[in-house]
Each structure stands twice: as C-alpha cells, then as structure tokens.
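Report on one structure; see the data block that follows.
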Amino acid sequence: MSDDRILVNPQHLAEQYSTDENLRVRYETHQLYTVGAELEPAVDAVLQLDGGESLLDVGTGPGGFPARLIDGGHRGRVVGVDQSAGMVAKARATCPRVEFFQADAAALAFADESFDAVTARHMLYHVPDIPKALGEIRRVLRKGGRFLAVTNALDYMHEYFDAIREAMTLLPKPLATNVAELVSRPTAAAFTEVNGEQLVREAFGNVTVTFLESKLVFSDANPVVRYFDSSRTMKGLSVEEWKEIERAMRRVVESRVKSGPWSVSKRVVFIIAHRARCADFAESRNGQKYKIGICEN
Ligand SMILES: C[S@@+](CC[C@H](N)C(=O)[O-])C[C@H]1O[C@@H](n2cnc3c(N)ncnc32)[C@H](O)[C@@H]1O
C-alpha cells in the first residue's frame, strides 16, 4: 500500500459513511464558513447540462447533487450510486424522484453506454482501484458523453493540515509516532489535480483540469474541532486516542483564532474528460496505451 492509499481501509470507510452524519458536519461547515465562490454553480458551469441528459452520480452520498438536478427541472434520467447502504437509504428517503442504488464504483451494474454524463464528486480518492472504477465509468458512458470528477487540490486547506501537523507535535511520543502520518494526511491525496489528472488521462485519452478557489474563515475553534472530529472513523482511531488528539488540535486552533479570524484556503479541482467517439485505444504489450482510428473527443 503506497502512502496515498492509507485512507482507503474498507472497514474504516464503512464506519465513516455508515450514515450521512459525518458528511453532514462537513457540509454544514462549508455552508456556514465559506467565503467566496460556491461549489454548485461552478459544477453547473463545468458540466453545461441542457437538462435532457441521462446522468449517473457515482459515490453520491446522501444524493444531494442528483436531488438538486431533479428539483431544478432536469428532465433526463438521473441515477445515484453509493457503496454505503446507509447513504442509499438516506438518499432514497430524501429524494424519491431519483433512482438510487447500492454499488461499488468499480462494478457498476449498468449496460455499456447507458449515460450521457457521469459525475464522481469527492469520492475517487476512497476507491482502492481507481483505474478499474474509471474503466467502469468510461464503459457506462455513451460515446461523446462527458465525465466530471470533483476532488481537492494538493494544497487544499493547507493551513488546516499545518495545524493538524502542529497538534501532532503536542502528543505524547508513542501516540504521535503511531498516528501523526495518518492523521495529518489529506484524505484526497490519492486523487488530486496531479495523480487524478494522470489517471483520468490514462482512462479517457483526454482531460481538462480547472480550479475553484475560496476559503473558510473561522473566528472560534469549535467549528474547526467539530470538522476535525468528523474524520475520526476514517482514520480508524479509537475514541480514547482521539480525545488526546482532539485536545491537541483544539489548543493549536485556539492559538490561530486568538489574534483574529483564521482563513483556510480551498482549491477544488474539476477533472473533465469525454468518451471518444471511436474505438479509442489499443493496448500494447508493455501496458502503454495508444490511440487508434480517428477520434473525436
Ligand atoms: C466524501 S463522500 C462524497 C459524497 C458526495 N458525492 C458529495 O460530493 O457530497 C464519499 C462517498 O463515496 C462513497 N464511496 C466510497 N467509496 C466508494 C466506492 N468504491 N464505490 C461507491 N461509493 C463509494 C462513500 O460511501 C461516500 O458516500
């Protein structure tokens, strides 16, 4: 397991996403404390949907994005899949007009070329075999269809991760040695504008990357600590270990906000690709992929 893969432990993910509770804490934090450009209008600007497309949202969580599309008058078929049964139950209860199914991104139970558009928002970094998932996404896209992955940039919330690293230096030695790397590593490290762009290019043969910049501004430590706590189960740490870690994090954040509002910058990445309209790729013996035929991307 490479360093970027330490955050995909299936048991920890299952616990983290058994319900939408942890995600809800993070959504609320972003809603209440973001200053600057908002995510959803930027997603719409990138996707350029005309309302008639069939769309699949992979790793949909509680289904907020498909629900927003349908509520906004989208006429085409909208489907959301998530590997968590709890998320699917929540999504179905919240938006009965969208089709929601439990599925792993790496095994999508849809026929080839079923959708005009596929989205995977803040989820590919959780997938153990990202090339396999991208292969599935490409397979279920019709030729000429578009794919959008949303993820976090390498420097996303770097001031927050610096604070976590500082908190790790305040921990008793044995605990710090065991958890520092795990706790301070951004969740999205396995799929950023760098390795994510490369993986999507390999799967689709074309890729465009754009960014959305904004910031979180905090005047007290409580919302930051609450946000931090929402990731405990993702790291697989016990409540006892976490209490110690949380105390250290609170001390660091309190020192940040003491002298005035604390800004944490956010750079979200949009990775866009199209399924080409031709046979696309032939694979050579050494694993390199070459385009064949005349392709319209
Ligand atoms: C950070 S949440 C993002 C939810 C939603 N897309 C959003 O942007 O708000 C990640 C979601 O991906 C789901 N997930 C993780 N690994 C998955 C996989 N291999 N296949 C399908 N869903 C997965 C989790 O259950 C969780 O609901």
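Indexing begins at 1, ligand by ligand and atom by atom, following the structure's order.
Protein residues are said to neighbour a ligand when one of their heavy atoms lies under 4.0 Å from it; for ligand 1 these are Y17, L23, Y27, G59, T60, G61, D82, Q83, S84, M87, A103, D104, A105, R121, H122, M123, H126, V127.
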Listing, residues 209-218 side-chain donor-acceptor contacts under 3.5 Å, not counting sequence neighbours, or none:
none

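Sequence neighbours left out, the pairs with a member in residues 77-87 that pass side chain to side chain donor-acceptor pair (under 3.5 Å) are R77-E99.
In terms of the salt bridge (Lys or Arg N to Asp or Glu O under 4.0 Å) criterion, D220 has no residue partners (sequence neighbours excluded).
Crowding of E21 atom CD: a count of heavy atoms from other residues, nucleotides or ligands under 6.0 Å not exceeding 12.
Of the candidates H12, E15, Q16, Q11, Q16 is the only one forming a side chain to side chain donor-acceptor pair (under 3.5 Å) with T233.
Not a single donor-acceptor pair under 3.5 Å links the side chain of R121 to the backbone N or O of F65.
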